[in-house]
> 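Before I ask anything, let me first share the structure, which is written out below as structure tokens.
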Protein chains: 2
Amino acid sequence: MRVFLDCLPCMVQQILDASRMATGDTALQQDIMEEALDIVSRYRDYRNAPEAVRDVHRIVKRKTGQNDPYRAVKDGAIASALSLYPFLRRYLDQKQDTLFWALKAAATGNIIDAAICKDITIDEGIEKELEKPFAICDIDAFRDKLDAAKTLLIIADNAGETVFDRLLMERLEGVSITYAVRDEPIINDATIEDARASGIEGCVISTGCGAPGILFEECSDAFLEIYREADLVISKGQANFETLSGADREIFFLLKAKCPFIGSHLGVDVNQYVFLRHDQH
Amino acid sequence: MRVFLDCLPCMVQQILDASRMATGDTALQQDIMEEALDIVSRYRDYRNAPEAVRDVHRIVKRKTGQNDPYRAVKDGAIASALSLYPFLRRYLDQKQDTLFWALKAAATGNIIDAAICKDITIDEGIEKELEKPFAICDIDAFRDKLDAAKTLLIIADNAGETVFDRLLMERLEGVSITYAVRDEPIINDATIEDARASGIEGCVISTGCGAPGILFEECSDAFLEIYREADLVISKGQANFETLSGADREIFFLLKAKCPFIGSHLGVDVNQYVFLRHDQH
């Protein structure tokens with residue numbers, strides 16, 4: 001999915017936020033913005049927004065020496081989500097259709113996205129968010145496949161959301177799950193460290209790719225083998241959708257539409273939840 | 001006043017909006033964004049945001065052949081403001097301190113700013129806006145000067161706001177008023193045509209400068225002479241403030257703070273109204 005024109009102001013705002021998280025030195029922030037804007041001006045050289053976003057965030061890392069500017073944001077998101085974990089467990093325990101609600105919880109976890117919603121208070125109104133229906137819900141197709149599936153790959157999104165994914169993973173019985181995260185810190189996306197801090201045990205791997213999404217040529221052979229061989233793949237969040245929407249295998253996209261352009265691509269409104277089966281073409 | 005880092009995402013969003021108003025051709029919009037981002041990346045070459053904004057909007061004009069992309073926006077703003085004019089006259093007629101409320105009305109007219117607030121409905125809640133106090137109000141100093149003043153220069157801001165300025169001008173008796181507008185269409189700023197369409201009679205001149213603000217070296221000699229010789233100068237809106245905040249003469253700045261950075265420079269919150277005497281240094 002190409003870089004939308006509307007991604008450009010959003011990218012410029014995001015890199016400004018990141019530069020301020022990484023350093024208090026205004027002159028350095030100015031250097032970062034100058035170099036980042038030059039990259040953003042060449043946005044047509046990029047296949048998708050996550051690839052361009054990766055390159056602009058590398059400027060922040062290089063110029064400030066801060067490899068993880070969103071560290072505090074991610075720690076806060078994980079801590080908030082962990083404090084919700086007991087409530088979320090009880091919430092799922094009282095539901096009959098556990099799979100549906102666990103998927104819904106994992107999608108709801110996608111609200112923890114410091115990249116787009118900076119001042120979100122996740123414990124306020126979480127139950128209201130959980131009760132919102134999916135605008136697209138291909139759960140029947142998923143159920144059919146799950147019965148026969150031996151392996152499931154979840155491609156993770158943000159730190160904090162990871163705790164919600166953990167709840168889903170605890171409800172998925174009889175299938176071997178691999179949880180794949182970013183290879184290096186990028187925005188507030190989850191790394192192996194973040195997944196572990198969220199209490200995810202079992203098989204957590206890096207995709208090998210440091211972009212906020214899946215750029216196949218940068219992924220490790222180990223990840224690619226799991227991706228190709230998995231009976232089921234769940235892809236979380238917008239950035240994974242942006243990079244995987246043309247994938248040549250079946251993927252179940254689980255996300256909340258956070259911007260009008262992803263929404264219109266999916267045929268849903270902003271803030272609606274989606275569990276979409278992407279067919280293998 | 002230099003280009004703030006926070007101006008950058010705002011400028012990128014604005015040029016995207018302008019390019020879409022000027023053309024429906026996506027390829028052309030892409031060309032505009034590429035060139036505009038290159039200019040924005042060199043923001044440190046500019047003394048202030050209005051100067052950079054002028055240059056990026058020139059790209060839109062050159063590439064689309066549309067000299068006035070905000071024409072429809074400006075026409076709508078003028079029509080809306082004109083429909084409010086009878087109400088505003090009655091509102092001022094019932095006030096004792098006519099000068100104060102006419103200044104307040106002229107400041108309130110500054111809410112018609114398509115550059116920042118795109119979807120504003122100006123006739124909703126106009127009375128509520130009018131009743132909001134000034135956070136800074138140097139009206140006593142203004143009154144003192146006005147008694148002795150023979151000439152007053154008003155440096156205009158947006159189209160539509162012009163109708164509110166007209167109400168102020170009708171209340172300023174015993175002083176010869178010059179109303180100065182932009183030399184060419186830029187964003188939704190007022191030109192001579194817009195001032196006339198707003199019902200402003202009397203002396204309307206161009207500053208000679210096509211930027212959304214006052215860049216002295218681009219202003220006409222005729223404007224500069226009036227600016228230097230005027231007994232009183234009222235400068236409307238943020239962009240004029242950004243370019244005149246270091247001026248070497250007394251200016252009364254009349255505006256609504258619309259962004260945190262102008263607000264913090266003035267020591268007020270966003271959305272607060274200001275009537276500030278800038279002393280001659």
Side-chain angles (χ1 to χ4, degrees), chain A residues 1-49 52-53 55-57 59-60 63-64 69 115-119 259-261 264-265 270, chain B residues 1-49 52-53 55-57 59-60 63-64 69 115-119 259-261 264-265 270:
Chain A
M1 189 179 293
R2 66 184 166 78
V3 182
F4 293 107
L5 285 173
D6 298 82
C7 299
L8 306 177
C10 209
M11 280 167 58
V12 175
Q13 183 65 58
Q14 189 186 81
I15 199 70
L16 177 56
D17 294 338
S19 70
R20 285 176 167 160
M21 286 187 220
T23 178
D25 180 340
T26 312
L28 206 51
Q29 292 165 358
Q30 289 172 339
D31 288 345
I32 291 166
M33 290 311 291
E34 193 167 298
E35 200 170 322
L37 281 158
D38 183 52
I39 284 187
V40 179
S41 78
R42 289 181 279 110
Y43 70 95
R44 283 190 278 193
D45 296 347
Y46 291 92
R47 289 161 299 174
N48 48 57
V53 164
D55 278 11
V56 289
H57 281 273
I59 300 169
V60 179
K63 286 204 179 276
T64 66
I116 296 178
C117 311
K118 279 174 286 181
D119 300 319
C259 85
F261 308 93
S264 95
H265 198 89
V270 171
Chain B
M1 190 180 292
R2 66 183 168 77
V3 182
F4 293 107
L5 285 173
D6 297 84
C7 300
L8 305 177
C10 209
M11 280 167 59
V12 175
Q13 184 65 58
Q14 189 186 83
I15 200 69
L16 178 56
D17 294 338
S19 70
R20 285 176 168 162
M21 286 186 220
T23 179
D25 180 342
T26 312
L28 206 51
Q29 292 165 359
Q30 290 173 337
D31 288 345
I32 291 165
M33 291 310 291
E34 193 167 298
E35 200 170 324
L37 280 158
D38 183 52
I39 284 188
V40 179
S41 78
R42 290 182 277 108
Y43 70 95
R44 282 190 279 193
D45 295 346
Y46 291 91
R47 289 161 298 173
N48 48 59
V53 164
D55 278 11
V56 290
H57 281 273
I59 300 169
V60 179
K63 286 203 180 276
T64 65
I116 297 179
C117 310
K118 278 175 284 180
D119 300 318
C259 84
F261 308 94
S264 94
H265 197 89
V270 172

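Scope of the values below: all heavy atoms of this structure, side chains included, with no hydrogens, waters or symmetry mates. Each chain gets a letter, A, B and so on, in the order the sequences are listed, and its residues count up from 1.
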> Sort A/Arg20 into side chain, backbone, both or neither according to what part of it lies under 4.5 angstrom from a heavy atom of chain B.
side chain
> Among B/Leu5, B/Leu8, B/Val40, find the one that has a side-chain contact (heavy atoms from CB on, under 4.5 Å) with A/Val12.
B/Leu8
> For A/Arg44 and B/Asp31: C-alpha separation, side-chain torsions, deciding distance, then whether side chain to side chain contact (heavy atoms under 4.5 Å, CB included) applies.
CA-CA 10 Å; A/Arg44 283 190 278 193; B/Asp31 288 345; 2.9 Å; yes
> Tell me the closest heavy-atom pair linking B/Glu34 and A/Tyr43, and the distance in Å.
N-CE2, 4.3 Å
> Could you tell me the separation between the CD1 atom of A/Ile39 and the CG atom of B/Leu37, rounded to the nearest 0.5 Å?
12.0 Å
> Does any heavy atom of chain A fall under 4.5 Å from the side chain of B/Asp45, the backbone, both, or neither of them?
neither
